[in-house]
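Structure, as structure tokens:
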Amino acid sequence: MRECILSGKRILAVMLCCTILLAGCGTQVYPEKEAEQVIRMEVLDDGFGEADLQTEEWTEPFELSGQPEPSEAEVLSESFEISGQPEPSEAEVLSEPLERYSADWSEERLLEEIGKRSIYREQCAYYGEWMDYMENVREVRDIAMYVEPLYATDVNVYSKEDFEGVPPLILHLARNEIYARHGYIFRDTDLYSFFMIQVWYLPCVAPEEFDDSVFSGTERHNLELLKEIEGKQYEENT
């Protein structure tokens, strides 16, 4: 009988110890969860909300993948797809009256005009080589390449040294640029498409109606110089 009483006391003691241990564990677990909730609230209250997190997710893939960020031209070519608006057809572009470029246009207005003319980039066989020259030789990688002509042949008197090492295609474009400034409508599809990419180009004079008396003395000098250089390059390559 005495042994049974002792055994009962031992069982009660063990149960009491277990109860105390379980209670102690409970006081350690729940405060940690409460602390975790407090930390999350502090993070959200720091101003790093959903919008910031979403921005980080959009900009991060290029860094993780090792791929270069898209160039200005690539971004512009996708502008209509991103906005959800269909890219205009050539007929739609031609049906819209083009406005003469003005230096006081806002960046938004420039981007709108560049985007509207984007269909001509796909039609121009010169576009890839010209873009490579602008980005890697001229180091122009923004919308300036669509806004400024290749050379200021209307105001600067150039010499042969100014065109040393310039690729034949760029010389060809620079010479025709003199005509393009005066609204000459090119019969050559690639030339026409190339200049239609440029926001400063406003086609308005048919070839049969064009009068070269519009050229200034400076333009005539540069035109003859470029013809001479192109001719020598042609002779050397044949």
Side-chain angles (χ1 to χ4, degrees), residues 71-80 82-83 85 87-135 137-158 166 169-207 209-223 226:
S71 65
E72 183 78 15
E74 292 169 335
V75 172
L76 288 171
S77 67
E78 296 176 358
S79 59
F80 289 97
I82 293 172
S83 65
Q85 298 177 354
E87 190 170 343
S89 65
E90 183 172 2
E92 290 173 333
V93 171
L94 292 176
S95 65
E96 296 183 14
L98 298 175
E99 298 179 23
R100 183 173 294 278
Y101 165 69
S102 176
D104 62 358
W105 279 10
S106 66
E107 183 176 354
E108 182 180 359
R109 177 71 180 86
L110 286 170
L111 289 173
E112 178 185 351
E113 187 67 20
I114 292 170
K116 187 169 68 175
R117 296 174 179 233
S118 63
I119 60 170
Y120 293 101
R121 294 200 287 270
E122 300 177 0
Q123 301 174 10
C124 181
Y126 303 148
Y127 182 72
E129 186 175 344
W130 168 78
M131 176 65 70
D132 180 70
Y133 174 78
M134 294 300 291
E135 291 185 342
V137 179
R138 292 280 187 92
E139 297 184 349
V140 178
R141 301 182 179 90
D142 56 17
I143 61 175
M145 67 175 69
Y146 302 103
V147 178
E148 298 294 335
L150 283 164
Y151 293 94
T153 47
D154 57 332
V155 293
N156 292 341
V157 177
Y158 289 96
V166 177
L169 174 62
I170 303 303
L171 291 174
H172 182 61
L173 295 175
R175 179 167 62 84
N176 283 281
E177 199 171 62
I178 299 174
Y179 288 84
R181 272 200 186 87
H182 295 280
Y184 184 89
I185 300 175
F186 296 92
R187 290 191 178 97
D188 182 90
T189 303
D190 288 318
L191 279 174
Y192 177 74
S193 296
F194 172 78
F195 287 111
M196 281 298 292
I197 295 169
Q198 313 298 318
V199 298
W200 55 265
Y201 175 61
L202 187 64
C204 56
V205 184
E209 298 175 358
F210 189 81
D211 186 354
D212 63 6
S213 65
V214 297
F215 293 146
S216 66
T218 298
E219 288 175 317
R220 290 182 183 280
H221 165 84
N222 291 324
L223 188 61
L226 287 165

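- Rounding to the nearest 0.5 Å gives a distance of 11.0 Å between CG of Leu191 and CD of Glu177.
- The side-chain hydrogen bond (donor to acceptor under 3.5 Å, both in side chains) check on Tyr133 picks up Arg138, with sequence neighbours excluded.
- For Glu113, the side-chain hydrogen bond (donor to acceptor under 3.5 Å, both in side chains) test picks out Arg109, Lys116, Arg117, with sequence neighbours left out.
- Applying the side-chain contact (heavy atoms from CB on, under 4.5 Å) test to Arg220 and every residue at least two apart in sequence or in another chain returns Asp212, Phe215.
- The heavy-atom pair separating Tyr126 from Leu169 by the smallest distance is CD2-CD1, 3.6 Å.
- Residues satisfying the side-chain contact (heavy atoms from CB on, under 4.5 Å) criterion with Ser213, sequence neighbours excluded, are Asp211.
- A heavy-atom distance below 4.5 Å is not found between the side chains of Pro149 and Gln198.
- The two residues Ile143 and Glu107 make their nearest non-hydrogen contact at CD1-CG, 4.1 Å.
- Between the CG atom of Leu150 and the NE2 atom of His172 there is a distance of 12.0 Å, given to the nearest 0.5 Å.
- Atom-to-atom distance recorded for Gln123:CD and Thr189:OG1 is 8.5 Å, nearest 0.5 angstrom.
- The two residues Phe194 and Cys124 come nearest to each other via the heavy atoms CB-SG, 3.6 Å.
- Using a 4.5 Å cut-off on side-chain heavy atoms (C-beta onward), Met145 and Trp130 make contact.
- Using a 4.5 Å heavy-atom cutoff, the side chains of Tyr146 and Arg121 are in contact.
- Between the CG atom in Leu202 and the CD1 atom in Ile185 there is a gap of 9.0 Å [rounded to 0.5 Å].
- Among residues at least two apart or in separate chains, salt bridge (Lys or Arg N to Asp or Glu O under 4.0 Å) pairs with a member in residues 184-194 are Arg187-Glu208.
- The side-chain heavy atoms of Trp200 and Val147, taken from C-beta on, include no pair separated by under 4.5 Å.
- Taking Ser102 as the reference, Asp104 meet the side-chain hydrogen bond (donor to acceptor under 3.5 Å, both in side chains) condition, with sequence neighbours excluded.
- For the atom pair Asn156 CG and Tyr151 OH, the distance stands at 11.5 Å (nearest 0.5 Å).
- Take Thr218 and apply the side-chain contact (heavy atoms from CB on, under 4.5 Å) test, not counting sequence neighbours, and it matches Val157, Ser216, Asn222.
- Residues Tyr120 and Tyr192 meet the side-chain proximity criterion, which asks for heavy atoms closer than 4.5 Å.
- Evaluation of the ring pair (Phe, Tyr, Trp, His ring centres under 6.0 Å) rule for Phe186 yields Tyr184, Phe195 as partners, not counting sequence neighbours.
- Taking CD1 of Ile197 as the start and CD1 of Ile119 as the end, the distance is 10.5 Å to the nearest 0.5 Å.
- Arg175 places no side-chain N or O within 3.5 Å of a backbone atom of Leu223 that could act as its donor or acceptor partner.
- Residues passing the side-chain contact (heavy atoms from CB on, under 4.5 Å) test with Asp154 are Ala152, Arg181, Glu219, sequence neighbours excluded.
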